[in-house]
Amino acid sequence: MHRLATLVSLVCLALLLSSCNRKQQDPSQASSGSLNLFAWSEYVPQEVIDGFTKETGIKVNYETYDSNEAMTTKLSQGASRYDLVQPSEYAVENLIRRGMLQELDLSQIPNINNLDPKYRNLSYDPGQKYSVPYMAGTVGIVVNTKKVQDPIRGYKDVFQPKFKRRIVALNDNREIVSWALDVLKIPINDITPQTLAKAEPLLKEWLPLVKVFDSDNPRTPLASGDCDLGIVYCGDAAKLYEQDKAFTYVLPEEGAHEFVDSLCIPKGSAHKAEAERFINYILRPEVSKIISDKFPYTNPNAEARKLLSNEQLSNPASYPKAEHLEVFHDIGPGTQLIGDMMSRLRSGTQG
């Protein structure tokens, strides 16, 4: 009887250890390996990356870029080591057209149901096959009302000779060109040699007025007092407003661009499952809230918005009252046309 009891005890112990081992190996609980994320700078909180790694064992290598064009060029040159990229709407459209993205397995991303329906099945990715929105927002005007008392309603009010060297602007050729097109009442996606020829004289006047071109952190020269006006991403404007209510945010009366930055998996990714797991993780309301806390853009996650404070939701830069916003679309060869014109104009303003 003693030997039988001992044998039963050993069997039970073995089953218990086996069960524990299975739990440790359960892919829903823990994993291993790495994930290479290629995304915008100043956009993915370290707390989110650390939380994902702690939960899954998957290490996230985070490399940054400062424009959709830089990201697309790198992918085009065969940078297949990336598992996740973070393109804006027109860049998603471009990458889909060129066959450079993998289709997502949405059964592995159930938290996609947390998105506001407004951000599902968008025009640049019908059927939501290739992209999941990360953050959205607008490009608008920040005014330090302690320094500028003039009414600022649009681009023409910013680009005045009296504000020379007091302006910070995004370092993004397509954005800058779109501002001139809006003033001229030309659709911002109508990029041809003829429309650019109309925009060029205006841009030739504007560019020398700008003190700083910066897409990474344009709020710095505004916060330091080096610049008094800026045309920036809404997240930077929201941060300034949080710090000092003197920084007001204005959607240009001529027209405003709404962007949607998404997570996508490039062709050639060696870690598709890990990438989909990361997408699902950042769609959790409590995780998405961390992103909003750190980078107060417009959060497309409806469940996460329920966790935000009234102060966050009332920030006029994060959640502006706007009815008519435009999105960028893939313009194909137009990108090169813009690049050539802006290189010529910028070289003429050096010094």
Side-chain angles (χ1 to χ4, degrees), residues 40-45 66 88-89 116 118-119 133-155 157-158 163 166-172 175-176 178-179 182 212-261 288-302 304-328:
W40 291 92
S41 58
E42 298 273 335
Y43 213 20
V44 184
D66 63 1
S88 302
E89 67 287 348
D116 184 326
K118 173 185 174 182
Y119 294 98
Y134 174 82
M135 280 283 158
T138 54
V139 173
I141 301 167
V142 172
V143 184
N144 183 344
T145 56
K146 291 178 181 177
K147 302 284 191 67
V148 178
Q149 278 74 50
D150 303 51
I152 303 295
R153 295 174 292 266
Y155 303 115
D157 297 324
V158 173
F163 294 136
R166 297 170 65 187
I167 302 167
V168 56
L170 295 177
N171 190 25
D172 186 305
E175 283 287 355
I176 295 169
S178 76
W179 308 337
D182 272 331
V212 181
F213 290 97
D214 187 349
S215 293
D216 286 339
N217 200 355
R219 69 177 178 272
T220 296
L222 289 160
S224 67
D226 289 340
C227 293
D228 303 327
L229 299 110
I231 305 180
V232 304
Y233 298 123
C234 70
D236 293 292
K239 283 296 235 184
L240 288 165
Y241 182 80
E242 287 175 355
Q243 296 162 15
D244 188 341
K245 299 300 186 288
F247 289 103
T248 62
Y249 186 66
V250 178
L251 286 177
E253 63 181 5
E254 300 96 343
H257 167 217
E258 180 182 34
F259 59 85
V260 182
D261 296 323
S288 188
K289 178 185 181 298
I290 295 172
I291 300 171
S292 278
D293 290 344
K294 191 79 172 181
F295 305 115
Y297 290 85
T298 305
N299 195 328
N301 190 320
R305 282 196 206 176
K306 295 176 181 179
L307 304 179
L308 300 182
S309 67
N310 289 333
E311 184 177 5
Q312 287 175 299
L313 293 171
S314 63
N315 189 313
S318 300
Y319 300 95
K321 293 179 173 60
E323 295 181 2
H324 304 293
L325 299 173
E326 300 175 276
V327 298
F328 285 165

Considering only heavy atoms from C-beta outward, does the side chain of Glu253 approach that of Arg153 to under 4.5 Å?
-> yes

Is any side-chain heavy atom of Leu229 less than 4.5 Å from a side-chain heavy atom of Val142?
-> no

Going through the checks in order, is the side-chain hydrogen bond (donor to acceptor under 3.5 Å, both in side chains) test met by Tyr43 and Asp261?
-> CA-CA 10 Å; Tyr43 213 20; Asp261 296 323; 2.8 Å; yes

If every non-hydrogen atom of Val168 is compared with every non-hydrogen atom of Pro221, which pair is closest and at what distance?
-> CG2-CG, 3.9 Å

Within the distance-only criterion (no hydrogens, no angle test), does the side chain of Tyr297 pair as donor or acceptor with the backbone N or O of Ala238 below 3.5 angstrom?
-> no

Taking only residues at least two apart or on different chains, which pairs with a member in residues 305-319 satisfy salt bridge (Lys or Arg N to Asp or Glu O under 4.0 Å)?
-> Glu303-Lys306

Name all residues meeting the salt bridge (Lys or Arg N to Asp or Glu O under 4.0 Å) criterion together with Asp226; count only those two or more places apart in sequence or in a different chain, and write none if there are none.
-> none

State, yes or no, whether a side-chain contact exists between Val212 and Thr220 at a heavy-atom distance under 4.5 Å.
-> no

Do you know the tightest heavy-atom contact between Trp179 and Tyr155?
-> CD1-OH, 3.3 Å

When rounded to the nearest 0.5 angstrom, what is the spacing between CD1 in Ile176 and CD1 in Ile231?
-> 8.5 Å

dist Tyr319:OH -> Leu313:CG (nearest 0.5 Å) comes out at 6.0 Å

Given side chains that start at C-beta, do those of Phe295 and Glu42 come closer than 4.5 Å, heavy atoms only?
-> yes

Pairwise distance CG(Leu308) to OG(Ser314) - rounded to 0.5 angstrom | 11.0 Å

Taking atom types as modelled and ignoring hydrogens, do the side chains of Ser215 and Asn171 form a donor-acceptor contact shorter than 3.5 angstrom?
-> no

Does the pair Thr298 and Thr138 meet the rule for a side chain to side chain contact (heavy atoms under 4.5 Å, CB included), with working shown?
-> CA-CA 8 Å; Thr298 305; Thr138 54; 5.8 Å; no

Over all atoms of both residues, closest heavy-atom pair of Ser292 and Met135 | OG-CE, 3.7 Å

Can any side-chain N or O of Asp116 pair as donor or acceptor with the backbone N or O of Tyr119 at less than 3.5 Å?
-> no

I would like to know whether Phe163 and Val158 meet side chain to side chain contact (heavy atoms under 4.5 Å, CB included); could you show each step before the answer?
-> CA-CA 7 Å; Phe163 294 136; Val158 173; 5.8 Å; no

Please, which pairs that meet side-chain hydrogen bond (donor to acceptor under 3.5 Å, both in side chains) have at least one residue in residues 231-245, sequence neighbours excluded?
-> Lys146-Asp244, Arg219-Asp236

Yes or no on side chain to side chain contact (heavy atoms under 4.5 Å, CB included) for Lys289 and Lys294, after CA distance, side-chain angles and deciding distance?
-> CA-CA 9 Å; Lys289 178 185 181 298; Lys294 191 79 172 181; over 6 Å; no

Do any N or O atoms from the side chain of Glu89 and from the backbone of Val260 form a donor-acceptor pair under 3.5 angstrom?
-> yes

Minimal non-hydrogen separation, Gly137 against Cys234, with atom names = CA-SG, 3.6 Å

Return the minimal non-hydrogen interatomic distance between Gly225 and Asp228, and the atom names on each side.
-> O-OD1, 4.1 Å

d(Tyr249 OH, Ile141 CD1) to nearest 0.5 Å is 9.0 Å

Any idea which heavy atoms bring Val139 and Ala256 closest together, and the distance?
-> O-CB, 4.2 Å

Who pairs with Glu258 by salt bridge (Lys or Arg N to Asp or Glu O under 4.0 Å), at least two apart in sequence or on another chain?
-> Lys118

Atom pair CD1/OG1 of Ile152 and Thr248 - distance to nearest 0.5 Å = 8.5 Å

Main-chain N/O of Gly154 paired to Asp157 side chain as donor or acceptor, under 3.5 Å = yes

Which residues satisfy the salt bridge (Lys or Arg N to Asp or Glu O under 4.0 Å) test with Asp214, sequence neighbours excluded?
-> none

For Asp150, enumerate each residue passing the salt bridge (Lys or Arg N to Asp or Glu O under 4.0 Å) test, keeping only those at least two apart in sequence or located in another chain.
-> Lys162

Heavy-atom side-chain contact between Ser288 and Asn299 under 4.5 Å = yes

Given side chain to side chain contact (heavy atoms under 4.5 Å, CB included), test Phe247 with Val143 step by step and report yes or no.
-> CA-CA 5 Å; Phe247 289 103; Val143 184; over 6 Å; no

Please check if any side-chain donor atom of Ser41 sits under 3.5 Å from a side-chain acceptor atom of Asp66, or the reverse.
-> no

